[in-house]
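Atoms within a ligand are numbered from 1 in the order they appear, just like the ligands themselves. Nothing fancy with the numbering, it's 1 onward along the sequence.
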Amino acid sequence: MVKESNYIIAIDGFSSCGKSTVAKALAKELNFAFIDTGAMYRAVTLYFLRNKVDFFDESAVREALTHIKIDFVPNGETTHILLNGEDVSLEIRKMYVSDKVSEVSAIKQVREVMVAQQQELGRRRNVVLDGRDVGTTVFPHADLKIFMTASPEVRAKRRFKELQSKGDISTIEEIRANLAHRDHIDTTREESPLRQAADAIVLDNTNLTPTEQLKFILDRYNKI
Ligand code: DC
């Protein structure tokens with residue numbers, strides 16, 4: 001049967017579970033676009049920090065959002081994220097952004113604007129999106145929903161390695177604390193908290209290699 005609309009694959013889960021790695025590989029394998037929704041919230045956070053936007057001032061937040069333009073530009077194996085034309089792909093991964101991103105992504109107006117942009121991106125072509133609320137709020141009718149988890153220790157170690165490779169000097173304790181803080185805010189916030197969609201397939205990747213994770217998802221995809 002030929003499908004009339006495009007395909008949407010939603011990959012949600014906790015921070016540092018390896019969602020982006022597997023989502024990127026999946027998008028490449030299927031020739032779909034890849035949208036890292038967390039990167040969008042990070043770019044907004046960076047803009048707010050640079051422009052000293054008061055997170056609690058509703059009108060300042062609303063006004064600031066009208067000045068933010070986010071674009072994704074594929075570049076070989078990676079996708080770069082542009083904030084008002086500036087490549088901020090590396091800057092948004094730094095700890096000072098990670099420290100504030102959960103607070104910014106809990107703001108209602110921020111989520112409304114980001115969700116609308118993500119839906120627009122998904123209307124145009126086949127996409128793999130990774131985030132927290134893709135399968136529950138952004139695309140509740142996604143063709144395939146994966147909910148990723150991994151043990152907190154493995155997640156902290158993965159993020160530590162990733163940051164170290166980028167020259168970041170954060171300690172494993174700082175990373176552990178940041179992950180616990182973000183898990184708490186992400187799961188308890190009022191606006192689309194992180195939760196598993198009823199029809200999502202759980203993928204615990206604590207002991208799985210990237211290749212095994214990709215195979216797990218491709219096997220499910222091939223059944224739809
Ligand atoms: O995936 P990440 O760690 O780069 O995401 C950064 C933050 O953005 C995360 O702490 C929660 C938030 N986020 C969100 O609220 N909704 C999404 N769809 C994606 C990320």
Closest heavy-atom pair and its distance - I70, A43:
CD1-CB, 4.0 Å
Shortest protein heavy-atom distance from atom 2 (P) of ligand 1, along with the residue and atom involved:
R132 NH2, 3.5 Å
At less than 4.0 angstrom from any non-hydrogen atom of R42, what atoms of ligand 1 do you find?
2 (P), 3 (O), 4 (O), 6 (C)
Around atom 19 (C) of ligand 1, find the nearest protein heavy atom and jot down its residue, atom name and distance.
T37 OG1, 3.3 Å
Pull out every atom of ligand 1 sitting under 4.0 Å from any heavy atom of D186, numbered as shown with elements.
9 (C), 10 (O), 11 (C)
Does D133 reach ligand 1, in the sense of a heavy atom lying below 4.0 Å from it?
yes
Compare every heavy atom of D87 with every heavy atom of L82, then report the nearest pair and how far apart it is.
CD2-CA, 3.6 Å
Does Q118 come within less than 4.0 Å of ligand 1, judged by its heavy atoms?
no
Under 4.0 Å, counting heavy atoms only: does M40 come that close to any atom of ligand 1?
no
Element-labelled atoms of ligand 1 that are located less than 4.0 Å from some non-hydrogen atom of V101
6 (C), 7 (C), 8 (O), 10 (O)
Under 4.0 Å between a Lys/Arg side-chain N and an Asp/Glu carboxylate O for D133 and R111?
yes
Given that the side chain starts at C-beta and the backbone is N, CA, C, O, which of these parts of E191 lies under 4.0 Å from ligand 1, counting heavy atoms, or is it both or neither?
neither
Which atoms of ligand 1 sit under 4.0 Å from any heavy atom of S102?
10 (O)
How are the rings of Y221 and Y7 set to each other: parallel, tilted or perpendicular (split at 30° and 60°)?
perpendicular
Of all protein heavy atoms, the one nearest atom 12 (C) of ligand 1 is S105 OG, 3.4 Å
From S102, S15, S105, residue fulfilling side chain to side chain donor-acceptor pair (under 3.5 Å) relative to R132:
S15
Mark yes or no: R220 above the aromatic ring of F216, with NZ or CZ under 6.0 Å from the six-membered ring centre and no more than 45 degrees from the axis.
yes
Can you tell which part of M114 has a heavy atom less than 4.0 Å from ligand 1: side chain, backbone, both or neither?
neither
Between E86 and R50, does at least one N-O distance fall below 4.0 Å, as a salt bridge requires?
yes
Is the closest basic N to carboxylate O distance between R124 and E120 below 4.0 Å?
yes
So for R93 against ligand 1, with non-hydrogen atoms under 4.0 Å, the contacting part is side chain
What atoms in ligand 1 come closer than 4.0 Å to a heavy atom of R189?
14 (C), 15 (O), 16 (N)
With a 4.0 Å cut-off on heavy atoms, is R111 in contact with ligand 1?
yes
When every non-hydrogen atom of R189 is compared with those of D186, the smallest separation belongs to NH1-OD1, 3.8 Å
Heavy-atom pairs closer than 4.0 Å: do any link ligand 1 to the side chain of R182, the backbone, both, or neither?
side chain
Do V101 and Y96 belong together in a cluster built from hydrophobic side chains that touch within less than 4.5 Å?
yes
